[in-house]
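Hydrogens, waters and symmetry mates play no part in the numbers below; they use all other heavy atoms, side chains included. Naming: A, B, ... by sequence-line order, numbering from 1 per chain.
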Amino acid sequence: MISERFKELRKHNLTGFVPYLVANYPNKDIFDEALAALSNMGADLIEIGIPFTDPIAEGKTIESAHHASLKNGFNLTNFLNQIKNFKNRFDTHIVAMGYANSFLNPSIEEVSQKSREAGFDGFLIVDMPYEETDTFKLIKGRDLEFIQLVAPTSTQENIERGLSNNPSLIYYITQRGVTGANNLDLTEVQNNLKDLQKITNVPIITGFGIKSSEHIKAFKDYTDGIVIGSALIECLANSNPIKSMKDFLAPILEELKNE
Amino acid sequence: MISERFKELRKHNLTGFVPYLVANYPNKDIFDEALAALSNMGADLIEIGIPFTDPIAEGKTIESAHHASLKNGFNLTNFLNQIKNFKNRFDTHIVAMGYANSFLNPSIEEVSQKSREAGFDGFLIVDMPYEETDTFKLIKGRDLEFIQLVAPTSTQENIERGLSNNPSLIYYITQRGVTGANNLDLTEVQNNLKDLQKITNVPIITGFGIKSSEHIKAFKDYTDGIVIGSALIECLANSNPIKSMKDFLAPILEELKNE
Amino acid sequence: MNKGYYGKFGGIFIPETLSFALRELDTLYQDIKNDTTFNNELQDIYIHYVGRPSPLYFAEKYTENIGGPKIWFKREDLNHTGAHKINNTVGQALLAKKLGKKRIIAETGAGQHGVATATICAKLGLECVIYMGETDIQRQELNVFKINTLGAKVVPVSSGTATLKDALNESIRDWVTNVENTHYIIGSVTGPHPYPEIVRDFNSISGKELKDQSIERFEKLPDMVIACVGGGSNAMGVFAPFVDDLNVELVGIEAGGVSDSDIGSASINDGSIGVLHGAKTMILQNNSGEILETSSISAGLDYPGVGPEHAYLADIDRAKYKKVFDSQALDAFYKVSRLEGIIPALETAHAIAYLEELSDINKDKNVVVNMSGRGDKDLYSVMSL
Amino acid sequence: MNKGYYGKFGGIFIPETLSFALRELDTLYQDIKNDTTFNNELQDIYIHYVGRPSPLYFAEKYTENIGGPKIWFKREDLNHTGAHKINNTVGQALLAKKLGKKRIIAETGAGQHGVATATICAKLGLECVIYMGETDIQRQELNVFKINTLGAKVVPVSSGTATLKDALNESIRDWVTNVENTHYIIGSVTGPHPYPEIVRDFNSISGKELKDQSIERFEKLPDMVIACVGGGSNAMGVFAPFVDDLNVELVGIEAGGVSDSDIGSASINDGSIGVLHGAKTMILQNNSGEILETSSISAGLDYPGVGPEHAYLADIDRAKYKKVFDSQALDAFYKVSRLEGIIPALETAHAIAYLEELSDINKDKNVVVNMSGRGDKDLYSVMSL
Ligand SMILES: Cc1ncc(COP(=O)(O)O)c(C=O)c1O
Ligand SMILES: Cc1ncc(COP(=O)(O)O)c(C=O)c1O
């Protein structure tokens with residue numbers, strides 16, 4: 001279980017590595033290769049973006065990746081088979097990250113059921129508010145975990161109501177803005193993470209705009225995992241995507257492991 | 001005097017010939033030549049259009065002639081000198097026909113005075129209504145006669161009020177419409193002319209759209225003079241204007257004289 | 001004084017063929033103007049079709065910006081079809097029906113009067129023909145399309161300068177020809193009597209409303225009323241009910257064109273007395289009485305004459321007439337858009353521009369600008385400046 | 001039932017960053033909506049700036065032509081800026097001021113909501129940024145110029161289909177980034193709670209007026225109220241005050257696009273339940289939940305979703321929703337122009353087109369069409385058809 005994995009990391013004072021990919025971006029083969037490579041690099045959890053026509057929380061990079069994947073004919077049923085194959089080879093934790101509308105067709109029950117069968121461990125639905133408790137219950141009823149988002153603008157009340165749904169993990173959003181934004185205020189993030197840990201014991205991963213070992217250094221003591229999203233997707237757009245990704249990640253991983 | 005001339009014609013059961021020219025159209029020389037030619041052809045009265053930018057009662061032909069003359073630099077003061085020369089050679093009666101604004105600059109008194117000095121016998125101001133009695137008095141005070149318009153739409157009351165200004169001549173407009181229009185209803189014109197003669201002894205000339213010996217034949221017994229305007233102006237636009245005019249007028253004059 | 005005169009201005013300077021029609025119109029109008037049925041019909045259209053009364057709006061930010069008197073806008077821009085022009089066409093079209101005339105003609109320059117005429121003709125089921133200069137047709141293609149969409153016919157006029165003045169000439173020619181079944185809806189307080197009176201009266205609905213609204217909003221009459229003057233119909237409309245209130249200053253704004261060294265369209269400021277389109281009035285003419293080619297950034301003010309009653313009000317010093325140049329009008333166009341969220345017609349922008357002169361006036365004075373029309377029609381021409 | 005739901009539709013499906021802003025807005029709105037000072041301020045703007053109340057007009061010739069019930073138009077086309085959109089932007093801009101937010105963002109498709117937003121921001125002195133798809137910018141250059149003239153900034157959106165939907169996405173992205181100093185004025189009864197409620201309430205001024213005017217003009221409530229439905233704000237505005245009057249038939253008209261064999265924009269007629277732009281509602285999507293590219297002759301109806309309250313009213317059968325195709329709307333556009341002298345917006349023309357179905361209704365019934373906007377904005381596109 002995802003939650004166990006991160007509790008484990010916390011126990012050992014380690015910071016998890018949480019890369020983000022967009023399903024079948026830049027294409028099926030490279031995606032599969034990237035997924036395998038990240039597993040081999042020791043990813044603690046991989047977030048897989050389910051492409052959507054209108055991904056309102058994404059910056060340009062990830063939005064384009066969504067659209068590119070849709071244009072290549074992305075189809076969830078086929079994709080779940082791909083995931084099955086991956087899971088046959090790896091036991092890396094994976095979550096489907098996306099937008100409500102992708103999870104409601106034909107119904108949240110059916111999508112949860114099939115995703116679980118394919119090997120997904122959980123969901124992160126960007127625009128699913130804590131009020132939708134029934135939805136979270138249904139997800140958990142299919143043996144999936146879910147991740148709760150917390151933003152710098154979240155009120156304590158909100159956070160607590162979100163926690164009452166029993167998420168397995170908190171995803172702390174480092175900044176106001178979309179994915180890949182460039183407004184990191186390192187101290188503010190540190191302080192907010194400290195405050196968050198006062199409220200809850202649920203493990204916290206941290207993301208949005210993290211792309212350098214400096215960032216890792218600044219945050220790793222305050223969080224249980226670091227999400228690398230846009231920066232990684234940018235690597236995959238290069239001519240030698242896998243190598244580019246590995247090169248980019250090398251110093252980051254080093255910093256992560258560097259106690 | 002114009003009125004005497006037409007009373008004379010009426011006494012002898014004759015119908016006067018009243019050609020219309022636009023001052024200095026198509027140019028100064030041809031105009032002068034046409035004026036002389038018409039005098040030599042026995043015109044009883046020549047109407048000379050004073051070109052105006054906005055001649056609202058004129059059809060396309062005469063309007064264009066007005067504009068052409070203005071474009072050639074028509075100027076009233078110079079033109080009056082031309083008229084003086086003409087009147088030194090001919091004693092044909094001439095009236096200035098035009099629009100109020102051309103007669104009011106700098107004042108009706110001054111324009112009347114100078115026109116009289118140059119040899120004009122009278123005015124026909126198309127848009128000067130009978131109410132402007134003072135204006136008519138001023139004109140007459142400078143020893144000029146004036147012509148009163150009567151239209152098919154004129155009421156008896158209007159006509160009578162117009163006559164109370166003591167015009168020297170009535171110009172009966174044959175049709176609703178602008179000069180050169182093509183809607184002649186011969187019988188209506190005849191009837192209206194008959195009715196008009198019941199109201200007044202003032203001589204009547206008839207114009208608007210008259211261009212053939214048929215027209216002359218139809219009207220000559222009902223009127224003291226026939227105005228030929230647009231049709232004549234069209235001749236002057238031809239390459240051999242004076243000859244064209246003469247050719248056009250030949251059968252008309254013949255019909256006029258043919259008792 | 002002769003009928004239809006305002007001091008030495010006015011009159012009925014038209015070809016005799018039209019005489020009976022003008023007298024017929026005058027008689028009917030004098031009869032009907034106090035007729036309850038007619039006025040009820042007219043009111044019904046004003047209220048439910050045109051959208052009257054038009055509001056009196058306090059321009060808070062403009063007032064602050066000028067730092068002088070309180071500035072108010074009388075919102076004729078909110079009328080159906082976007083300007084004061086409809087006040088007149090509605091009234092005249094009803095008159096035409098009473099006259100038994102089923103065909104309407106009108107001239108138009110910028111197209112506003114043409115649209116307003118075509119609009120009421122559509123509503124009342126009258127045939128409608130609009131004369132428009134070819135030059136104007138080209139630069140106002142949107143309004144031409146509107147007129148056509150409303151089911152009316154646009155007849156291009158190519159003579160003279162192929163603009164408003166010539167469209168007017170051509171309308172008169174049509175009227176002379178079809179006078180018995182046709183009513184000519186003149187678009188401003190110009191032309192022969194009784195037009196200046198009729199057009200003023202129908203437009204004065206805005207002035208009457210303003211009088212009531214002033215009392216209601218600031219408990220006295222305005223200290224100053226400002227309006228742009230082309231032919232002068234919107235101005236006469238707001239001025240008329242205040243002419244006898246001598247402590248209300250009346251200011252008409254004429255279009256000065258590019259600069260003082262060019263010919264604009266300021267007939268009272270720069271013109272002299274003459275006769276144009278049926279009336280004796282102030283006109284722009286040369287020494288020989290030829291009408292000048294005028295210019296203005298705003299098509300609706302670009303006319304070489306002005307209503308005779310304005311010439312009279314200027315002559316007796318009851319109203320003053322000022323000139324505003326193209327660039328000042330354009331500045332005001334942007335300024336009022338940005339400060340108040342109201343994009344004015346370029347004509348109206350001339351009146352607004354005059355506010356810049358008023359910063360010395362006491363803060364408790366109330367100045368009303370007649371917002372004669374909205375700027376939608378002008379956007380393309382401003383865009384392409 | 002959860003907050004912000006209408007039956008199974010509605011909700012607050014937004015990224016957590018925006019959560020506090022929506023709750024803050026909701027709290028403020030619930031507090032302020034019955035506040036006298038706020039409502040007086042709003043009324044003042046409605047009356048003196050927007051030009052409310054808008055008239056209820058009896059369409060005599062259209063009534064004759066259809067030969068069925070009496071047909072009335074609620075004249076939102078006479079509002080300042082030419083459509084119902086201003087009813088909402090005015091209210092929300094005042095809310096933003098109360099929230100202490102000095103920056104406003106909005107999305108726009110045809111540009112109407114952008115113009116209405118830029119307008120009130122100019123008046124109230126708020127910074128204003130309008131997101132607009134690049135495709136729309138090209139086909140609506142006049143409205144882009146208007147927005148700029150009003151002092152607001154237009155930001156082109158090139159992603160996705162570069163139209164309204166994408167402008168909405170981009171607005172949300174801006175809001176996520178600047179949420180603390182920025183209020184997002186959504187332009188229809190769409191989006192997350194409390195927007196559908198707020199936008200409905202501000203638009204319902206027209207329905208409330210209509211209720212009073214009906215009693216005044218024909219002494220009972222209308223038998224049927226018809227409105228076009230894009231997001232559905234003008235329709236919710238006139239429907240809302242009648243929802244409990246079960247004998248008033250409510251008919252929403254969706255845009256069917258070219259024909260039944262193409263994708264139009266009729267989300268209730270042709271769509272299925274899903275989540276778009278913050279709400280669970282009827283949307284046009286394929287089997288995988290991807291949002292479809294819609295089409296309609298009228299830019300303002302060309303949107304793949306619909307306000308959740310409409311989805312609900314359809315679901316419980318309180319209102320019915322019909323489809324009108326492009327060509328029918330175009331016929332109605334010309335017909336109402338020619339019969340009544342009112343050139344409608346193409347959106348509105350959809351609602352009018354539905355009148356053709358009503359000739360069998362009894363002559364003493366009263367049918368009201370919400371004339372949501374005027375056609376000026378559409379002339380160029382109709383001209384180039
Ligand atoms: C908005 C507006 N204001 C003013 C005018 C000028 O006309 P008038 O001087 O008759 O009011 C026009 C004419 O088209 C106009 O459209
Ligand atoms: C005139 C008009 N009517 C209707 C609409 C559709 O919007 P809604 O469905 O929110 O009323 C628009 C949108 O631009 C519009 O401009």
Task: Of C:Leu276, C:Leu168, C:Asn169, the residue whose pairing with B:Ile56 passes side chain to side chain contact (heavy atoms under 4.5 Å, CB included) - done: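 Between B:Ile56 and the candidates, side chain to side chain contact (heavy atoms under 4.5 Å, CB included) is satisfied uniquely by C:Asn169.
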
Task: Partner of C:Ser19 by side chain to side chain contact (heavy atoms under 4.5 Å, CB included), out of B:Asn158, B:Leu149, B:Ile159 - done: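 Only one of B:Asn158, B:Leu149, B:Ile159 forms a side chain to side chain contact (heavy atoms under 4.5 Å, CB included) with C:Ser19, namely B:Asn158.
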
Is chain C contacted by the side chain of [X], its backbone, both, or neither, given a heavy-atom distance below 4.5 Å?
X        : answer
B:Pro106 : neither
B:Tyr130 : side chain
B:Ile125 : neither

Between [atom1] on residue [X] and [atom2] on residue [Y], distance to nearest 0.5 Å:
X        : Y        : atom1 : atom2 : value
C:Ser288 : B:Leu70  : OG    : CG    : 8.5 Å
B:Ser107 : C:Ile273 : OG    : CD1   : 11.5 Å
B:Asn101 : C:Gln285 : CG    : CD    : 4.5 Å
C:Phe20  : B:Thr153 : CZ    : OG1   : 5.5 Å
C:Thr182 : B:Arg176 : OG1   : CZ    : 12.0 Å
B:His67  : C:Ser159 : NE2   : OG    : 6.0 Å

Under a 4.5 Å heavy-atom cut-off, does chain B meet the side chain of [X], its backbone, both or neither?
X        : answer
C:Asn287 : backbone
C:Ile291 : both
C:Leu292 : neither

List the atom of [X], the atom of [Y], and the distance in Å for their closest heavy-atom pair.
X        : Y        : answer
B:Phe52  : C:Gly289 : CE1-O, 3.2 Å
B:Phe74  : C:Glu290 : O-OE2, 3.9 Å
B:Val150 : C:Glu16  : CA-CG, 4.1 Å

Task: Pairs of heavy atoms under 4.5 Å with chain B: top-ranked of C:Thr177, C:Ile12, C:Asn178, C:Ile172 - done: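 Option with the greatest count: C:Thr177.
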
Open item on the list: With a 4.0 Å cut-off on N to O distance, would you call C:Lys280 and B:Glu131 a salt bridge?
Closed with: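 No.
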
Open item on the list: Strictly below 4.0 Å, N to O, side chains only: are B:Glu58 and C:Arg173 in salt-bridge contact?
Closed with: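 Here B:Glu58 does not pair with C:Arg173 in a salt bridge, since their nearest N and O are not under 4.0 Å apart.
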
Open item on the list: Under a 3.5 Å distance rule, please check whether C:Thr17 uses its side chain to pair with a backbone N or O of B:Ala151 as donor and acceptor.
Closed with: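 No: the side chain of C:Thr17 does not pair with the backbone of B:Ala151.
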
